[in-house]
Amino acid sequence: MIDSATLGDRRLWAFVLGTVAVTVGVVLHLPMFWMGRSMGFRMAGMPMDSGMIAGMWMIIAGVGVAAYGLLPRNLSKQIAASSELVVAAPEDAPLSWAHWRLMAVLVVALVIDIMKPASLGFTIPGMVNEYGLSRSAVSLVPFFALCGTVVGSFLWGWIADIYGRKASILLSAVMFVGTSICGAMPSLNWNIGMCFMMGMAAGGMLPVTYALLAEMMPSRHRGWSLVLVGGLGAVGGYAAASLIAAWLEPIYSWRILWLANLPSGLMLVVLGTFIPESAKFLLARGRAVEAQQVMAQFGSTVRKVASDAVPAAARGRAAPLSGSAFVGKLAALSLIAICWGLVNFGLLLWLPAELVARGYSMAVSSGLLAWSALIALPTVFLVAWIYHAWSTKGSLISGIAMTLGGLAGILWLDRSGGGSPVVPVALLIVGSNAIIAMLLPYAAESFPLRIRGRSTGWIAACSKLGGVFAQILSIFAIIPSLGTSAWMIAVPTALSLLLIARYGKETRGRDLRDLDPDGHVFDKAGY
């Protein structure tokens, strides 16, 4: 699972031991689950036996031991070593089998990752029925899961910048295994706590995957591969959750959607064998030998740059993390991420009920969500091609403009009191799908290596923050009107478009080194 040359045999065995402990801890919960088979696997109110309690402690300890096993040796020396390097890695390598294999593995990893939060919608009806609570009370489960993704997106990005990209993905996988006990919890409170942990793991892996792929793909193939891998992972995750709900939920109840985290999480751990650590991350940590081994698999090499060939003004200078250019870019991407969350987790979910209340048929309102699922997959391929063939910055701006067109159409529907909602809703769905397909790939390309995990994680967190706000409104039954919702989202969306037009960079086909102010040099601060 982990390269023993990278972490050492002792750390490798610590990770294996921790993973085994987490797995055994989950298995100890299964007897109580199986005891409820005669009651339709209903466990509400059942006391937790000693095996379940011992299993929970094993999971907590196992995650800690696995995290220790993933921690690189001599971390402080690695960070200090980067100040002595002037190493550059060429990005003109041809697309090889290793690149295709990496993309395939990361697609499967993202399917497993996105399947977790996508399962929430299928579990709510079963929870309402079993726990005998109102839908608003059970809505705390998706609310805390979304809160977990906000925390996890930034926390895992920070871990990725210190532990490494591969290590943070593996830590997410171990947590997936542990949080599968959510399917054996006898009370809603335990489910809420476990779903928060699941959200942390799920929210953290997505931005880290983008950071890893951005650093491993050749420049001319980076854009389309980022968008395609992310898009296929998202579509596949929702499809996997739907299939498990259709095939297994009628037999094993809603709880099987959480228990499925056990085999899928272990599958992700095994897939870690095929996920390399980012060569650029290794170089920035002074681990040039390991970087050379990784890059040899991908048809590339490591070359040294003579110190006297580096402009004096560039030596020892870190890429600035302040000033209008950096702040403007971060603000622009954060703002559109929040707006996307408001559209996806708020407006599009409120629309059907609002349209029915305005006199539209149930068939029309329900068909809008079917539209969303129908056009999701072709949108992924179209956006990937446009992002690669035309312009990364222009493609993102176009997606935002299309979303604004959809919001303008919603405002027109609200003011006119009639007309067909198909065109504005189609614009809104296509535009929002395009935004989320491009947003994190663009963020991963737009920030320096030393903060790429954290910055991409922050943007991912913002995309969920809009959803958290929308969920708060739903919990307190404060559903704004169509016009109010559209205005509330349109104004910051328009501002984000202007900011991206002003501060965004064109990243299409460009070497990641050229996108940093430090150019081709590894200096005291990193890349």
Side-chain angles (χ1 to χ4, degrees), residues 120-121 124-125 128 134-147 150 334-376 399-436 439 462-499:
L120 285 168
I124 295 300
V128 170
S134 66
R135 185 170 288 271
S136 60
V138 180
S139 65
L140 290 173
V141 173
F143 171 73
F144 277 95
L146 274 174
C147 289
V150 172
S334 301
L335 195 57
I336 190 55
I338 292 173
C339 292
W340 176 85
L342 289 171
V343 170
N344 191 66
F345 296 105
L347 186 56
L348 287 177
L349 296 182
W350 300 332
L351 258 176
E354 282 287 322
L355 291 176
V356 170
R358 290 170 179 267
Y360 293 92
S361 69
M362 181 65 73
V364 170
S365 60
S366 299
L368 296 176
L369 296 182
W371 259 80
S372 178
L374 184 64
I375 66 178
I400 297 172
M402 190 174 295
T403 303
L404 280 172
L407 292 170
I410 297 296
L411 285 170
W412 175 78
L413 282 176
D414 183 66
R415 294 182 67 88
S416 65
S420 172
V422 172
V423 172
V425 172
L427 285 173
L428 200 59
I429 291 173
V430 174
S432 62
N433 282 343
I435 287 173
I436 199 58
L439 183 60
C462 288
S463 70
K464 306 303 190 299
L465 198 59
V468 169
F469 180 68
Q471 286 291 319
I472 290 175
L473 294 179
S474 298
I475 289 172
F476 290 99
I478 307 173
I479 307 299
S481 67
L482 282 181
T484 302
S485 299
W487 273 117
M488 182 176 66
I489 301 171
V491 172
T493 300
L495 177 59
S496 71
L497 187 149
L498 296 175
L499 288 173

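Residue numbers count from 1 along this sequence.
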### Task
Return the set of residues passing side-chain contact (heavy atoms from CB on, under 4.5 Å) with Ser481 (not counting sequence neighbours), or none when no residue passes.
Thr484
### Query
Do Val128 and Ile124 pass the side chain to side chain contact (heavy atoms under 4.5 Å, CB included) test, and can you show the C-alpha distance, the side-chain angles, and the key distance before you say yes or no?
CA-CA 6 Å; Val128 170; Ile124 295 300; 4.2 Å; yes
### Task
Write out all pairs satisfying side-chain hydrogen bond (donor to acceptor under 3.5 Å, both in side chains) with one or both partners inside residues 485-496, taking only residues at least two apart or from two chains.
none
Under 3.5 Å, side-chain donor or acceptor atoms of residues 338-345 against the rest of the protein: list the pairs with distances, not counting sequence neighbours.
from: Trp340; atom 1: NE1; to: Ser432; atom 2: O; distance (Å): 3.0

### Message
For residues 487-498, which residue pairs pass the salt bridge (charged side-chain N to carboxylate O under 4.0 Å, His left out) check, not counting sequence neighbours?
### Response
none
### Query
Closest approach of Val150 and Leu465, non-hydrogen atoms and distance?
CG2-N, 3.8 Å
### Summary
In short, salt bridge (charged side-chain N to carboxylate O under 4.0 Å, His left out) pairs touching residues 406-428 with sequence neighbours left out are Arg358-Asp414
### Message
When you compare the side chain of Asn433 with that of Ile429, does any pair of heavy atoms fall below 4.5 Å?
### Response
yes
### Summary
Tightest non-hydrogen contact, residues Gln471 and Pro142, listed as OE1-CG, 4.3 Å
#### Entry: Interatomic spacing from CD1 in Ile435 to CD1 in Ile336 - rounded to 0.5 Å
4.0 Å
### Query
According to the salt bridge (charged side-chain N to carboxylate O under 4.0 Å, His left out) rule, which pairs have a member within residues 468-489, sequence neighbours left out?
none
### Query
Among all residues two or more places apart in sequence or in another chain, which pass the side-chain contact (heavy atoms from CB on, under 4.5 Å) test with Trp412?
Ser416
### Message
Just to verify, what does Ala337 make a side-chain contact (heavy atoms from CB on, under 4.5 Å) with, not counting sequence neighbours?
### Response
Leu439, Ile459, Cys462, Ser463
### Task
Taking ring-ring contact (aromatic ring centres under 6.0 Å, His included) as the test, write out the residues that go with Phe469, two or more places apart.
none
### Message
Less than 4.5 Å apart, side chain to side chain, heavy atoms only: is that true for Leu404 and Leu497?
### Response
yes
### Task
Please collect all salt bridge (charged side-chain N to carboxylate O under 4.0 Å, His left out) contacts where either partner lies in residues 481-498, sequence neighbours excluded, each pair once.
none
### Task
Might you point out which heavy atoms bring Ile410 and Ala486 nearest each other, and give the distance in Å?
CG2-CB, 4.0 Å
### CA sep, side-chain torsions, deciding dist, call: Leu495, Leu335, side chain to side chain contact (heavy atoms under 4.5 Å, CB included)
CA-CA 8 Å; Leu495 177 59; Leu335 195 57; 3.8 Å; yes
### Query
Does a side-chain heavy-atom distance below 4.5 Å link Leu427 with Thr403?
no
